[in-house]
Amino acid sequence: MQLEIRPDPAEVGRARRWARSRLAGSGIAVDEPLAETLILLVSELVTNAVVHTGRPAVLRLSLPGADRAAAEDPATVRLEVADDSTRAPVPRCVDGDATGGRGLALVDGLADRWGWSREGAGKRIWCELDRCSELRQGAAVAYGGGLASFEGLAFEAV
């Protein structure tokens with residue numbers, strides 16, 4: 001399933017609402033930690049696409065039990081955001097007072113796997129969450145504790 005995203009910051013909220021509505025048929029409760037993490041990851045990746053490219057994007061979601069693609073691994077949730085910017089995600093140094101610049105560092109701390117690849121005239125950034133992961137941590141733990149390993153680096157998807 002997919003949602004087309006306009007290059008408008010209001011689209012981030014719409015993408016979160018859309019993703020929440022898709023959880024219903026997947027067997028993932030909206031108050032389950034996996035669902036909360038998924039919604040945060042949607043926010044981060046869609047925000048990056050909207051803010052850093054200023055171009056339309058496509059949000060794709062593969063949920064267990066919701067589509068055939070997810071049937072290959074019913075315990076994995078996959079989120080992708082594709083845009084037509086060819087600029088690769090690049091490390092970005094931010095200080096402790098910065099209000100942005102930590103999006104992909106947060107994705108790295110919360111997702112079980114993530115990456116990016118060129119797609120057509122643009123790129124696709126993806127992440128996966130394993131439903132049975134024992135280390136599913138809340139955003140506050142990953143955001144506050146996980147960033148130390150980045151030594152002041154964050155990632156910017158452009």
Side-chain angles (χ1 to χ4, degrees), residues 1-5 7 9 11-20 22-23 26 28 30 32-64 69-70 73 75-119 122-158:
M1 41 190 143
Q2 67 180 36
L3 176 69
E4 294 190 20
I5 305 291
E11 290 289 88
V12 178
R14 186 171 77 93
R16 283 192 304 264
R17 289 187 299 277
W18 178 83
R20 276 190 198 99
R22 298 307 176 261
L23 293 173
S26 72
I28 299 172
V30 292
E32 192 174 320
L34 178 88
E36 294 172 0
T37 301
L38 174 68
I39 299 306
L40 179 57
L41 292 170
V42 165
S43 285
E44 292 301 328
L45 293 182
V46 171
T47 296
N48 280 347
V50 168
V51 170
H52 296 297
T53 71
R55 300 174 184 175
V58 176
L59 167 62
R60 294 183 189 111
L61 200 52
S62 296
L63 297 167
D73 187 355
T76 298
V77 174
R78 184 175 177 97
L79 163 65
E80 301 176 359
V81 176
D83 61 53
D84 63 359
S85 170
T86 58
R87 291 178 50 197
V90 294
R92 199 170 110 170
C93 292
V94 296
D95 66 28
D97 295 331
T99 59
R102 295 178 182 87
L104 285 181
L106 185 58
V107 171
D108 185 67
L110 293 174
D112 291 302
R113 288 165 299 287
W114 76 276
W116 74 280
S117 61
R118 301 227 182 263
E119 181 176 276
K123 69 175 172 307
R124 175 176 49 102
I125 299 177
W126 59 269
C127 62
E128 293 179 340
L129 296 169
D130 295 333
R131 190 155 188 213
C132 58
S133 178
E134 292 180 27
L135 282 175
R136 179 71 49 226
Q137 298 178 356
V141 173
Y143 196 80
L147 289 179
S149 63
F150 290 95
E151 298 179 9
L153 289 179
F155 294 87
E156 174 184 42
V158 289

### Message
According to side chain to side chain donor-acceptor pair (under 3.5 Å), who are the partners of Arg20, at least two apart in sequence or on a separate chain?
### Response
none
### Query
Heavy atoms, side chains only, cut-off 4.5 Å: are Leu104 and Trp114 in contact?
yes
### Task
Kindly compute the distance separating OG1 (Thr76) from CZ (Arg113), expressed to the nearest 0.5 Å.
5.5 Å
### Task
Find out whether Asn48 and Val81 are in side-chain contact, i.e. whether some heavy atom of one side chain is under 4.5 Å from a heavy atom of the other.
no
### Summary
Residue set satisfying salt bridge (Lys or Arg N to Asp or Glu O under 4.0 Å) with Arg60, at least two apart, ordered chain then number -> Glu80, Glu119
### Query
Can you name the nearest heavy-atom pair linking Pro9 to Val50, along with the distance?
N-CG1, 3.6 Å
### Summary
In this structure, CG of Leu59 is separated from CZ of Arg16 (nearest 0.5 Å) by 12.0 Å
### Over all atoms of both residues, closest heavy-atom pair of Ser85 and Thr53
CB-CG2, 3.6 Å
## Note on the structure
Rounded to the nearest 0.5 angstrom, the CH2-CD distance for Trp18 and Glu11 is 12.0 Å
### Query
What's the shortest heavy-atom distance between Leu79 and Val42, and which atoms?
CD2-N, 3.6 Å
### Query
Do Glu4 and Pro56 come within less than 4.5 Å of each other through their side chains, counting heavy atoms only?
no
### Query
Rounded to the nearest 0.5 Å, how far does CZ of Arg131 lie from CG of Leu38?
11.5 Å
### Reported CD1-to-CZ distance for the pair Ile5 and Arg14, which is rounded to 0.5 angstrom
5.5 Å
### Message
If you compare all heavy atoms of Ser26 against all heavy atoms of Leu63, which two are closest, and at what distance to 0.1 Å?
### Response
CB-CB, 3.7 Å
#### Entry: Main-chain N/O of Ala49 paired to Asp83 side chain as donor or acceptor, under 3.5 Å
no
### Message
Would you compute the distance between atom CG of Leu41 and atom CG of Leu106 and round it to the nearest 0.5 angstrom?
### Response
7.0 Å
#### Entry: Heavy-atom pair of closest approach, residues Thr86 and Arg118
O-NH1, 2.6 Å
### Query
Going by heavy atoms in the side chains, are Leu110 and Glu44 under 4.5 Å from each other?
no
### Task
Considering non-hydrogen atoms only, spot the tightest contact between Ile39 and Ala19 and give its length.
CD1-CB, 3.7 Å
